[in-house]
Each structure stands twice: as structure tokens, then as C-alpha cells.
Amino acid sequence: MSAAANPKAYQREALRYPGDLTDGERALVGPRIPPGKRGGRHREVDLRAVLDGVFYVLATGCQWRALPKDLPPKSTVHGYLTLWAWDGTLERLHAALFVQVRAAAGKHPSPTLAIIDSQSVKGAEKGGRVSIRRVLTWPRRSRARSATSSSTRSA
């Protein structure tokens with residue numbers, strides 16, 4: 001659905017910041033965020049505010065320490081973002097929303113066409129980033145081959 005077809009859904013003037021979630025967006029994202037762990041302290045932070053903080057940094061490109069004071073602290077927002085990246089929440093969220101957007105556009109849930117240019121093929125034939133990394137990485141030597149152990153050899 002384009003902004004011209006449904007302009008009211010794309011209006012963001014009523015929101016505090018450009019990255020804030022609307023109620024409709026929150027309804028899509030909210031059920032896919034995992035609940036707090038059993039036992040221990042209960043979650044005291046509002047996850048909507050955490051998501052608003054993450055999207056604020058993404059939308060504005062600011063540094064973490066430049067988060068506005070009415071959002072959760074930078075350590076909380078960054079901590080949840082790294083947790084969600086580590087446990088796969090971000091990948092699952094992206095995949096689910098990707099399928100929904102394609103279905104809303106009347107397309108098959110997974111794309112059936114790929115475009116490959118000649119540079120991609122050349123990089124894949126040579127090994128791509130793997131071969132570059134191998135060249136730039138210093139060789140690792142064991143301690144047995146160090147100068148200290150060679151000077152203490154028995155004659």
C-alpha cells in the first residue's frame with residue numbers, strides 16, 4: 001500500500017519523534033517481542049519506549065548518548081537491541097513483516113527473482129571476503145616457536 005493510496009496511515013506529524021511507532025505499527029510488532037524471562041525481577045521498562053529509542057537512533061542517525069531524556073537510558077535501549085539481535089528476535093520480526101508486506105501488495109511471500117551482476121559473480125568465484133581476510137590476517141604462532149622457548153633448548 002503506497003502513501004498516495006492511504007495518506008492517513010503514513011502521517012507522522014502527531015508523533016513526538018520521526019522514529020516513534022504508531023498504534024497500528026505497535027500492534028504488528030508487539031506480539032513478536034519475546035516476553036520477560038520467568039523468575040527474577042519483573043520487567044519495569046516499557047518496550048514501546050525501547051522500540052521508539054531504537055527507531056529514533058535509526059531514523060536520525062544520532063549517537064546513542066544523544067537519545068532524548070524522555071526515552072529510556074541509552075544502556076537500556078542498546079541492551080535490548082543487542083539482546084534481540086543475539087536471540088534472533090530481529091530476524092524473526094523482519095521475516096514476519098516482510099511476508100506481511102508482500103502479501104498486502106498481492107505478491108508471493110518469498111521473492112522468485114534475483115538479479116546478479118558480473119561483479120558479484122567475480123567475487124564469489126574468487127572466494128569474496130574470505131580470500132581478502134586470509135591475506136590481511138597475521139599468522140598465529142604457537143608459544144613453542146617463540147624466541148623464549150628457543151633460547152632455553154638443551155644442547
Side-chain angles (χ1 to χ4, degrees), residues 1-140:
M1 187 177 300
S2 68
N6 190 2
K8 197 167 197 165
Y10 292 92
Q11 289 181 351
R12 306 198 77 74
E13 289 83 24
L15 302 173
R16 295 178 305 173
Y17 302 113
D20 284 355
L21 293 175
T22 62
D23 292 333
E25 292 166 343
R26 172 70 176 130
L28 290 173
V29 173
R32 291 176 174 81
I33 301 293
K37 294 180 181 177
R38 291 174 34 127
R41 293 179 60 181
H42 292 286
R43 187 181 281 167
E44 296 176 4
V45 68
D46 179 22
L47 289 184
R48 182 175 186 156
V50 171
L51 285 168
D52 286 344
V54 169
F55 289 130
Y56 179 84
V57 172
L58 291 175
T60 62
C62 75
Q63 297 173 345
W64 286 104
R65 65 176 177 219
L67 274 175
K69 298 293 180 192
D70 57 341
L71 292 173
K74 64 180 180 185
S75 58
T76 303
V77 175
H78 188 267
Y80 272 99
L81 180 64
T82 54
L83 171 70
W84 293 335
W86 177 78
D87 70 0
T89 300
L90 295 179
E91 290 177 17
R92 288 190 304 271
L93 180 63
H94 178 265
L97 294 177
F98 181 76
V99 168
Q100 278 188 342
V101 167
R102 289 189 61 85
K107 298 180 180 179
H108 192 269
S110 62
T112 56
L113 179 68
I115 298 173
I116 301 175
D117 64 344
S118 61
Q119 293 297 328
S120 301
V121 173
K122 288 178 188 175
E125 289 173 352
K126 293 179 181 177
R129 295 173 58 161
V130 176
S131 63
I132 293 172
R133 184 176 181 139
R134 212 175 293 138
V135 170
L136 297 177
T137 305
W138 287 92
R140 294 188 183 136

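Numbers for residues simply follow the sequence, beginning at 1.
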Check: Going through the distances and angles, do Y80 and V54 end up as a side-chain contact (heavy atoms from CB on, under 4.5 Å)?
Finding: CA-CA 9 Å; Y80 272 99; V54 169; over 6 Å; no

Item checked: Whether E25 side chain and T22 backbone form a donor-acceptor pair below 3.5 Å ->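 Indeed, once roles are kept as given, a pair shorter than 3.5 Å links the two residues.
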
Margin query: Using a 3.5 Å distance criterion without hydrogens, assess whether the side chain of R48 forms a donor-acceptor pair with backbone atoms of L21.
Written below: yes

Margin query: Between L90 and L81, does the side-chain contact (heavy atoms from CB on, under 4.5 Å) criterion hold? Intermediate values first, please.
Written below: CA-CA 8 Å; L90 295 179; L81 180 64; 3.9 Å; yes

Quick check: closest heavy atoms across [X] and [Y], and the distance to 0.1 Å?
X: L28; Y: P31; answer: O-CD, 3.9 Å
X: G53; Y: V77; answer: C-CG1, 3.8 Å
X: K74; Y: W64; answer: CB-O, 3.4 Å
X: L93; Y: R32; answer: CD1-CD, 3.7 Å
X: P68; Y: Y56; answer: CD-CE2, 3.5 Å

Note to self: Please enumerate all residues that pass salt bridge (Lys or Arg N to Asp or Glu O under 4.0 Å) together with R38, with sequence neighbours excluded.
What the structure shows: none

Item checked: Trace of the side-chain contact (heavy atoms from CB on, under 4.5 Å) decision for Y17 with D70 -> CA-CA 11 Å; Y17 302 113; D70 57 341; 2.7 Å; yes

Margin query: Counting only heavy atoms from other residues, nucleotides and ligands, does the tally under 6.0 Å from CD of Q100 exceed 12?
Written below: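 Enclosed: over 12 neighbouring heavy atoms sit under 6.0 Å from CD of Q100.
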
Margin query: Check this for me, if you would: do D52 and R26 make a salt bridge, where the nitrogen-to-carboxylate-oxygen distance has to be below 4.0 angstrom?
Written below: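 Judged by the 4.0 Å cut-off on N to carboxylate O distance, D52 and R26 do not form a salt bridge.
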
Checklist line | Interatomic distance, I33 atom CD1 to W84 atom CH2 [nearest 0.5 angstrom] | finding: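 Output value for this atom pair is 4.5 Å.
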
Checklist line | Spacing of T60 atom OG1 and L67 atom CG [to the nearest 0.5 Å] | finding: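 Reported value, rounded in 0.5 Å steps: 8.0 Å.
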
Next item on the list: Could you label the plane-to-plane angle of the F98 and H94 rings as parallel, tilted or perpendicular, counting under 30° as parallel and over 60° as perpendicular?
Entry: parallel

